[in-house]
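Data block below; observations after.
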Amino acid sequence: MEGIQHKTVSVNGINMHIAEKGEGPLILFLHGFPELWYSWRNQINGLAALGYRALAPDLRGYGGTDAPDSVADYTCCHVMGDLIALLDTVAPQEKEDKVFVVGHDWGAIIAWYLCLFRPDRVKALFNLSVPFIPYDPRFKPVETWKAFYGKDHYIVRFQEPGVMEAEFAEIGVGRAVLELLSYRVPDPLYLPKGNLFGHPLDSPVNLPPWLSEKDADYYATQFQITGITGALNYYRNFDRNWELSAPWWKSQIKVPVKFAMGDLDLVYTMPGMKDYIHNGGFNRDVPFLEEALVINGVSHWIHQEIPDQINQLLFDFFSKFH
């Protein structure tokens with residue numbers, strides 16, 4: 001896209017692809033699954049035009065960034081190491097000790113970890129779609145999801161290395177990614193073997209209005225090149241991340257935060273989520289939460305679905321801090 005610069009930087013033992021544009025205070029954009037730096041294309045252009053330096057990496061395992069072979073190399077600590085090394089490279093502390101952060105989906109989870117582990121590097125956080133879920137020693141994540149949703153729930157299905165890679169390969173990994181990006185109902189996502197997306201696979205993917213054929217081709221092509229194992233390995237570390245975060249039990253997020261999600265987001269309809277967001281739990285765990293917006297008629301892919309509105313919200317929030 002015009003004006004967006006691409007480069008590769010060496011961080012934490014891997015080569016990381018980054019896309020950036022603009023000058024001014026740095027905003028670090030962290031993508032989710034199954035996305036890429038490209039999912040922030042509208043925010044990069046929009047916030048650069050408003051006086052910010054917008055920077056979005058492909059996270060480890062995605063796109064132009066290296067994908068280590070071992071599942072164990074995708075924990076929250078590995079990704080934190082990547083991001084701190086990235087910030088040390090592109091925004092040295094002697095010049096810019098704290099940066100703005102925006103996360104969506106897995107990028108939001110990672111952003112919460114960044115604020116929990118290294119709040120000294122975060123000026124303010126605007127997270128999308130996934131609220132802070134604090135460590136709870138009573139509930140191991142994968143077995144909890146399996147108890148709620150059963151064995152066909154996508155998170156449960158993603159756990160065994162190689163299984164979903166093979167099933168996605170049968171229909172084409174590019175098509176599988178587009179099917180996932182087109183999922184915009186508030187119901188849990190189930191991927192039963194032999195009937196992954198619940199409709200005939202000999203018909204074209206019904207793309208949502210915000211995803212053009214050009215956008216779809218970019219996503220499909222990138223994942224056809226890299227495969228999807230690196231992306232799935234984040235899910236395979238849910239339990240390991242739970243174990244690693246035990247020292248932060250009952251810790252709070254102590255940076256300024258704003259949050260937004262759509263009311264059609266499948267995360268919003270998870271058991272207990274609405275109560276947590278609206279009845280005090282979220283504010284207890286994130287005491288500097290300015291606002292938790294729930295936007296009507298919007299799905300999980302909020303920043304791509306209503307980019308102009310999200311850009312304005314980002315600008316209004318971050319402009320308070322400089």
Side-chain angles (χ1 to χ4, degrees), residues 1-7 16-22 27-50 54-59 61-65 67 102-108 126 128-130 154 168-169 171-185 189 196-197 199 201 203-228 230-232 234 260-262 264-267 295 297-314:
M1 299 181 74
E2 187 174 351
I4 297 178
Q5 298 180 334
H6 297 266
K7 65 178 71 171
M16 174 173 276
H17 166 252
I18 61 173
E20 65 174 313
K21 183 177 181 179
I27 304 177
L28 176 65
F29 290 94
L30 303 175
H31 70 78
F33 171 90
E35 298 176 285
L36 301 159
W37 75 268
Y38 189 81
S39 69
W40 297 112
R41 59 198 178 279
N42 296 304
Q43 284 69 46
I44 292 173
N45 284 316
L47 274 297
L50 292 171
L55 187 151
D58 284 333
L59 297 174
Y62 283 89
T65 295
V102 183
H104 170 257
D105 186 79
W106 259 104
F126 198 125
L128 299 166
S129 296
V130 181
Y154 76 103
F168 284 159
I171 66 171
V173 68
R175 182 188 178 101
V177 167
L178 296 184
E179 292 276 8
L180 292 164
L181 289 172
S182 300
Y183 190 84
R184 64 178 314 272
V185 296
L189 174 60
L196 289 181
F197 295 100
H199 56 261
L201 296 173
S203 58
V205 177
N206 184 21
L207 297 175
W210 50 262
L211 195 65
S212 70
E213 291 289 346
K214 179 183 176 182
D215 299 331
D217 287 345
Y218 185 87
Y219 283 115
T221 299
Q222 289 297 308
F223 280 97
Q224 285 164 357
I225 292 170
T226 65
I228 202 167
L232 294 176
Y234 286 75
M261 72 190 313
L264 300 180
D265 194 319
L266 74 169
V267 177
I295 302 173
V298 177
S299 76
H300 183 68
W301 315 103
I302 181 170
H303 58 306
Q304 298 188 73
E305 193 166 344
I306 52 168
D308 292 342
Q309 186 173 345
I310 294 302
N311 289 355
Q312 189 63 52
L313 288 169
L314 292 173

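Taking each heavy atom of L178 and A220 in turn, the nearest pair found is CD1-CB, 4.3 Å. Heavy atoms only, all atoms of each residue included: M16 and T65 are closest at CA-OG1, 3.4 Å. Closest heavy-atom contact between L180 and W301: O-CZ2, 3.2 Å. Of all heavy-atom pairs between A19 and I4, the closest is CB-CG2, 3.8 Å. I295 approaches Q309 most closely through the heavy-atom pair CD1-NE2, 3.8 Å. When all heavy atoms of F33 and D105 are compared, the closest pair comes out as N-OD2, 2.8 Å.
A donor-acceptor pair is defined here as one N or O able to donate and one able to accept, closer than 3.5 Å; no such pair exists between the side chain of R175 and the backbone of G172. Looking at Q43, its side chain never comes within 3.5 Å of a backbone N or O of F29 through a donor-acceptor pair. Looking only at distances, a side-chain donor or acceptor of E35 sits under 3.5 Å from a matching main-chain atom of G32. For the pair S129 (side chain) and M261 (backbone), a donor-acceptor distance under 3.5 Å is absent. Looking only at distances, no side-chain donor or acceptor of W37 sits under 3.5 Å from a matching main-chain atom of I18. A donor-acceptor contact shorter than 3.5 Å is absent between the side chain of N311 and the backbone of D308.
Put simply, the side chain of P34 reaches to within 4.5 Å of the side chain of L181, judged on heavy atoms. Contact check for Q222 versus V177: no side-chain heavy atoms found under the 4.5 Å cut-off. At a threshold of 4.5 Å between non-hydrogen side-chain atoms, the residues Y218 and L36 count as touching. Side-chain contact between E305 and P208 is absent, with no heavy-atom pair separated by less than 4.5 Å. A 4.5 Å side-chain heavy-atom check between E20 and K7 finds at least one atom pair inside the cut-off.
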(message) Determine whether Q304 and S39 satisfy the following criterion, side-chain hydrogen bond (donor to acceptor under 3.5 Å, both in side chains), listing intermediate values before the conclusion.
(response) CA-CA 7 Å; Q304 298 188 73; S39 69; 4.8 Å; no

(message) Please determine whether side chain to side chain contact (heavy atoms under 4.5 Å, CB included) holds for the pair W106 and V130, giving the CA-CA distance in whole Å, both sets of side-chain angles, and the decisive distance to 0.1 Å.
(response) CA-CA 8 Å; W106 259 104; V130 181; over 6 Å; no

(request) Any chance you could lay out the side chain to side chain contact (heavy atoms under 4.5 Å, CB included) test for V102 and L28, step after step, and finish with the verdict? (result) CA-CA 6 Å; V102 183; L28 176 65; over 6 Å; no

(request) Test L266 against V185 for side chain to side chain contact (heavy atoms under 4.5 Å, CB included), laying out the working first. (result) CA-CA 7 Å; L266 74 169; V185 296; over 6 Å; no

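Here the CG atom belonging to L189 is positioned 10.0 Å from the NE2 atom belonging to H300, to the nearest 0.5 angstrom. In this structure, Y38 OH and D58 CG are separated by 13.0 Å, a value rounded to the nearest 0.5 Å. Here D217 contributes atom CG and D215 contributes atom CG; the two are 9.0 Å apart, rounded to the nearest 0.5 Å. Interatomic distance, I310 CD1 to I306 CD1, rounded to the nearest 0.5 Å: 4.5 Å. Atom CG of L314 sits about 6.5 Å away from atom CD1 of I27, to the nearest 0.5 Å.
Taking the six-membered ring for Trp and thresholds of 30 and 60 degrees, Y234 and Y62 have ring planes inclined between 30 and 60 degrees apart.
Listed by chain and residue number, K21 satisfy the side-chain contact (heavy atoms from CB on, under 4.5 Å) test with A48 (two or more places apart in sequence, or in another chain). Listed by chain and number, the residues in a side-chain contact (heavy atoms from CB on, under 4.5 Å) with T226 are F223 (sequence neighbours excluded).
Counting only N and O atoms by type, the side chains of N42 and H303 include no donor and acceptor under 3.5 Å apart.
Salt bridge annotation for D265-R184: absent, with no cationic side-chain nitrogen under 4.0 angstrom from a carboxylate oxygen.
In this structure, the ring of H31 has its center no less than 6.0 angstrom from the ring center of H104.
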